[in-house]
Amino acid sequence: MKIGKWKIPANIRGGKASQFVFFFFVSCLLWFLIKLPNRYTSTVSLKPSYSGVPKNKLLVNPPRTIKADINAKGMRLLGMKYFGREVHIDLSGLRKKEDRFYLLAGDLKKQLTNILPEDVEIRQFASDTLFFSLGENIIRKVKIVPRTDITFARDYRIYDSLTVSPPEINVFGPDVEVNKLDTLYTSRVTLKDVNEDIRMNIAVEIPQQYKNLEFKNKKVVIKARVERFSEKKFTVPVFVINVPEEKSVKTFPSEVEVICEGALKDISRLRPSDFRVTCNFEAITDSVKYLPLQVSKMPETIKKVELSRHGVEILVKNSEGDAR
């Protein structure tokens, strides 16, 4: 039998550089194949699945990977390092300290030694303790806060207040996560030159870390009554309260101007008698004859009220007619 000669491909016979690259590649491949049976140590990311969660408890966001230094033959270590390795972790033996649940590195090593092939040795873990969050399912009401950027047309504004319906939503899930939620916010609403009532369906923004919880409503309605506002002025008398029976008083001036602000539909129906301006006789001292004024009566629909002056002078007379 005639033995054929090994031939170098024509495309690498053309130059020294090409020949060098070819033989270097072959050398590396041979070296790699020779070394594969040897044992090496490297950090591997294990992909755990879990069982044995204590009764009436929920496993919340458990570790998705466990990093460990593994000693094994080259081929097996290569597969574990670059393709991962799924392992099963039994949590029935969880340790507990106060409200924290955990497994020690020794607990993990004992379990994984029984799972991994005999020729695989676990040298150490990246962390000496693996912590777990366990919770119980609960329902909790969480307040919704609207985020708005609203500008109004001239003289227009919200009549009472901006409301959210429903003002709270039910959130269902593990208590260790639900109890962290105090407030949820809506998506931002931007409105310009508003001159009519507001009513909009708007989404509730769910933070990424709470995506696994259940929310009864993911949309709410924001609404507000919008009215045109205006000012109106009235001249009203000044009343002095707490005057002793034996005294008579007179103020200067005896009347003041009330400037009120409210919705046009409300102030158009107002009368001077809807307001009462008073000052207190008991505030008089030997050195004080100038009494401050206050509005003691006004309609609830009025949003803002001002007086043309802050106080009045007062003249007091006793029963004999003497003035002071």
Side-chain angles (χ1 to χ4, degrees), residues 143-165 167 183 189-200 222-324:
K143 180 182 178 182
I144 305 298
V145 175
R147 295 195 302 168
T148 60
D149 183 9
I150 303 174
T151 59
F152 295 89
R154 183 176 179 181
D155 297 333
Y156 284 85
R157 68 188 69 172
I158 291 177
Y159 182 69
D160 36 35
S161 63
L162 183 77
T163 62
V164 181
S165 180
T183 305
V189 175
T190 301
L191 301 173
K192 297 182 180 296
D193 296 326
V194 175
N195 61 2
E196 59 185 7
D197 292 348
I198 299 169
R199 184 181 179 88
M200 296 180 64
I222 61 169
K223 51 188 176 181
R225 186 175 172 183
V226 176
E227 294 285 349
R228 187 174 184 179
F229 278 64
S230 184
E231 282 188 356
K232 196 169 185 178
K233 298 179 181 180
F234 298 97
T235 300
V236 300
V238 175
F239 294 91
V240 184
I241 61 174
N242 298 320
V243 180
E245 293 182 3
E246 70 276 10
K247 302 289 185 181
S248 62
V249 297
K250 187 176 182 180
T251 63
F252 298 95
S254 60
E255 294 178 328
V256 294
E257 200 171 59
V258 175
I259 304 100
C260 61
E261 183 181 282
L264 188 60
K265 69 180 186 64
D266 293 327
I267 65 172
S268 62
R269 298 193 294 264
L270 294 179
R271 297 173 299 173
S273 58
D274 293 323
F275 299 86
R276 184 178 175 87
V277 177
T278 60
C279 58
N280 193 345
F281 182 88
E282 294 178 348
I284 297 175
T285 66
D286 291 337
S287 60
V288 176
K289 300 295 188 298
Y290 188 84
L291 298 183
L293 295 174
Q294 65 177 10
V295 179
S296 57
K297 173 191 170 185
M298 70 177 185
E300 293 181 355
T301 54
I302 296 303
K303 306 302 181 182
K304 181 180 178 183
V305 65
E306 293 181 358
L307 296 173
S308 58
R309 58 187 300 142
H310 298 295
V312 292
E313 295 182 9
I314 187 166
L315 176 66
V316 181
K317 293 183 178 181
N318 57 30
S319 56
E320 287 78 22
D322 296 330
R324 66 165 186 161

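Just so you know, these numbers come straight off a predicted model, no measurement behind them.
Pairs passing the side chain to side chain donor-acceptor pair (under 3.5 Å) check and including a residue from residues 292-306, sequence neighbours excluded, do not occur.
Considering only residues two or more places apart in sequence or on other chains, T183 meets the side-chain contact (heavy atoms from CB on, under 4.5 Å) condition with V145, Y185. With sequence neighbours excluded, no residue satisfies salt bridge (charged side-chain N to carboxylate O under 4.0 Å, His left out) with D274. Applying the salt bridge (charged side-chain N to carboxylate O under 4.0 Å, His left out) criterion to R154, with sequence neighbours excluded, gives no partner residue. Every side-chain contact (heavy atoms from CB on, under 4.5 Å) that P244 has, sequence neighbours left out, goes to E246, K247, F281. Considering only residues two or more places apart in sequence or on other chains, R157 meets the salt bridge (charged side-chain N to carboxylate O under 4.0 Å, His left out) condition with E261. The salt bridge (charged side-chain N to carboxylate O under 4.0 Å, His left out) check on R199 picks up nothing, with sequence neighbours excluded. Under the rule for a side-chain contact (heavy atoms from CB on, under 4.5 Å), the partners of D155 that lie at least two apart in sequence or sit in another chain are R228. Not counting sequence neighbours, F229 has no partner by the ring pair (Phe, Tyr, Trp, His ring centres under 6.0 Å) test. Residues satisfying the ring pair (Phe, Tyr, Trp, His ring centres under 6.0 Å) criterion with Y159, sequence neighbours excluded, are absent altogether. A search for side-chain contact (heavy atoms from CB on, under 4.5 Å) contacts involving D149 returns R188, T190, not counting sequence neighbours.
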Show me, pair by pair, the donor-acceptor contacts under 3.5 angstrom made by side chains of residues 249-260, not counting sequence neighbours?
from, atom 1, to, atom 2, distance (Å)
T251, OG1, P253, O, 3.0

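Distance check: I198 CD1 to K223 NZ gives 12.5 Å after rounding to the nearest 0.5 Å.
Because its NZ or CZ atom is not both nearer than 6.0 Å to the ring centre of F234 and within 45° of the ring axis, R271 does not count as a cation-pi partner of that residue.
Y156 contributes no side-chain N or O that, together with a main-chain N or O of V226, makes up a donor-acceptor pair within less than 3.5 Å.
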